[in-house]
Amino acid sequence: MKKIILYSILICVCFNPYVYSQIKEPESPYSPVVDKDNFNVKAEVTIQGRDKPIIGFIALSSDVLTVGDNRFKISDLARINILMWKRSERKFNSHIFYPDRYELLFRNNKSQIINGNIESLNKIRVVGKKGYCIYLYYYDYFKNGKWINSGIANFDATFTTPVNGSVISIELIE
């Protein structure tokens, strides 16, 4: 009987979670992510299919927009319009459409057309309490002879209007 009581006490002590518990590390309090490598600029972003533009701060990777050999200071730009999207790669059943032609409008009222994708603008973070991202590219699916999201029937068509939810212009506010 003494052995049974001794073994039962030993089992209770050995398998008790408090015997093996340790002090829990304190968790850090929530704080918003502040990215010191980003250049924040106030902007009015127009999105296809939305009535009202988004007005707020966007985080760009630099204060200079680099396009090939050309460099443009963000402070010199007044507006970036996306004029055309191009089907570039296939992922599973969908195709990705990246911007392929831009119009840069400068504060001195000059403009310049840029051909090719500006990768640093494909995904832009909107800064705020509820930070989120906006996209200049989109996905579409070709089925039954037409693009599902855009409704265009030609597989090799020129896409001058993106699907709803894609950014079509960014006006940089001083």
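- Across all non-hydrogen atoms, the minimal contact from Trp85 to Val167 is CZ2-O, 3.6 Å.
- Atom CG in Leu65 sits 5.5 Å away from atom CD1 in Ile80 (nearest 0.5 Å).
- The CD1 atom of Ile124 sits 9.5 Å away from atom SG of Cys133, with the distance rounded to the nearest 0.5 Å.
- Residues Tyr141 and Ser94 approach most closely at CE2-CB, 3.1 Å, considering heavy atoms.
- Taken together through direct or relayed side-chain contacts under 4.5 Å among Ile, Leu, Val, Met, Phe, Trp and Tyr, Ile82 and Ile96 form parts of separate hydrophobic clusters.
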Could you go step by step and tell me if Tyr139 and Trp147 meet the ring pair (Phe, Tyr, Trp, His ring centres under 6.0 Å) rule?
-> CA-CA 10 Å; Tyr139 289 85; Trp147 292 101; over 10 Å; no
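- Heavy atoms only, all atoms of each residue included: Thr46 and Pro53 are closest at OG1-CB, 4.2 Å.
- Within 6.0 Å of atom CG in Asn70, more than 12 heavy atoms from other residues, nucleotides or ligands are found, so the atom counts as buried in its surroundings.
- Counted by atom type alone, Asn164 and Tyr138 present zero donor-acceptor pairs between their side chains at under 3.5 Å.
- There is no path of hydrophobic side-chain contacts, each under 4.5 Å, that joins Phe39 to Ile55.
- Within the 4.5 Å cutoff, side-chain heavy atoms of Ser169 are placed close to those of Arg79.
- Taking the centre of each ring, His95 and Phe155 come in below the 6.0 Å mark.
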Verdict with supporting geometry, Ser111 and Phe106, side-chain contact (heavy atoms from CB on, under 4.5 Å) | CA-CA 6 Å; Ser111 68; Phe106 296 91; 5.5 Å; no
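- For residues 134-163, the salt bridge (Lys or Arg N to Asp or Glu O under 4.0 Å) pairs, not counting sequence neighbours, are Arg87-Asp156.
- Within the model, atoms CZ of Phe142 and CG of Asn149 stand 13.0 Å from one another, a figure rounded to the nearest 0.5 Å.
- Considering every non-hydrogen atom in both Asn117 and Asp100, the closest pair reads N-OD1, 4.3 Å.
- Residues Thr161 and Ser150 are not in side-chain contact: their nearest non-hydrogen atoms beyond the backbone lie 4.5 Å or more apart.
- Arg101 places none of its side-chain heavy atoms less than 4.5 Å from the side chain of Ile114.
- There is a path of hydrophobic side-chain contacts, each under 4.5 Å, that joins Val67 to Leu172.
- Ile74 and Ser62 make their closest contact through CG1-O, 3.8 Å (heavy atoms, listed as atom of the first residue, atom of the second, distance).
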Residue pair Glu44, Ile173: steps toward the side-chain contact (heavy atoms from CB on, under 4.5 Å) verdict = CA-CA 7 Å; Glu44 181 176 306; Ile173 302 169; 4.1 Å; yes
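- For the atom pair CD (Glu119) and OG (Ser61), the distance works out to 11.0 Å, reported to the nearest 0.5 Å.
- The ring pair (Phe, Tyr, Trp, His ring centres under 6.0 Å) check on Tyr98 picks up Tyr137, with sequence neighbours excluded.
- Both Ile47 and Ile170 are part of a single hydrophobic cluster, where members link through side-chain heavy atoms under 4.5 Å apart.
- Contact record, Ile118 with Thr66: CG2-O, 4.3 Å, taken as the closest heavy-atom pair.
- For the pair Asp76/Arg107, no side-chain contact is recorded, criterion being any heavy-atom separation below 4.5 Å from C-beta on.
- Rounding to the nearest 0.5 Å gives a distance of 11.0 Å between CZ of Arg71 and CG of Asp69.
- Side-chain contact between Val41 and Phe57: absent, with no pair of heavy atoms (C-beta onward) separated by less than 4.5 Å.
- Leu136 and Leu77 fall within the same hydrophobic cluster, defined by Ile, Leu, Val, Met, Phe, Trp and Tyr side-chain heavy atoms under 4.5 Å apart, directly or through other members.
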Could you check Phe72 against Leu104 for side-chain contact (heavy atoms from CB on, under 4.5 Å), going step by step and ending with a plain yes or no?
-> CA-CA 10 Å; Phe72 306 102; Leu104 303 180; 3.8 Å; yes
Derivation and outcome, side-chain contact (heavy atoms from CB on, under 4.5 Å), residues Asn81 and Ile168 = CA-CA 6 Å; Asn81 293 322; Ile168 55 176; over 6 Å; no
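- Few gaps surround CD on Gln112; more than 12 heavy atoms of other groups in view lie less than 6.0 Å from it.
- Two residues are said to be in side-chain contact when any heavy atoms from C-beta on lie closer than 4.5 Å; Asn122 and Tyr135 fail this criterion.
- Expressed to the nearest 0.5 Å, how far NZ of Lys73 lies from CG of Asp63 amounts to 7.5 Å.
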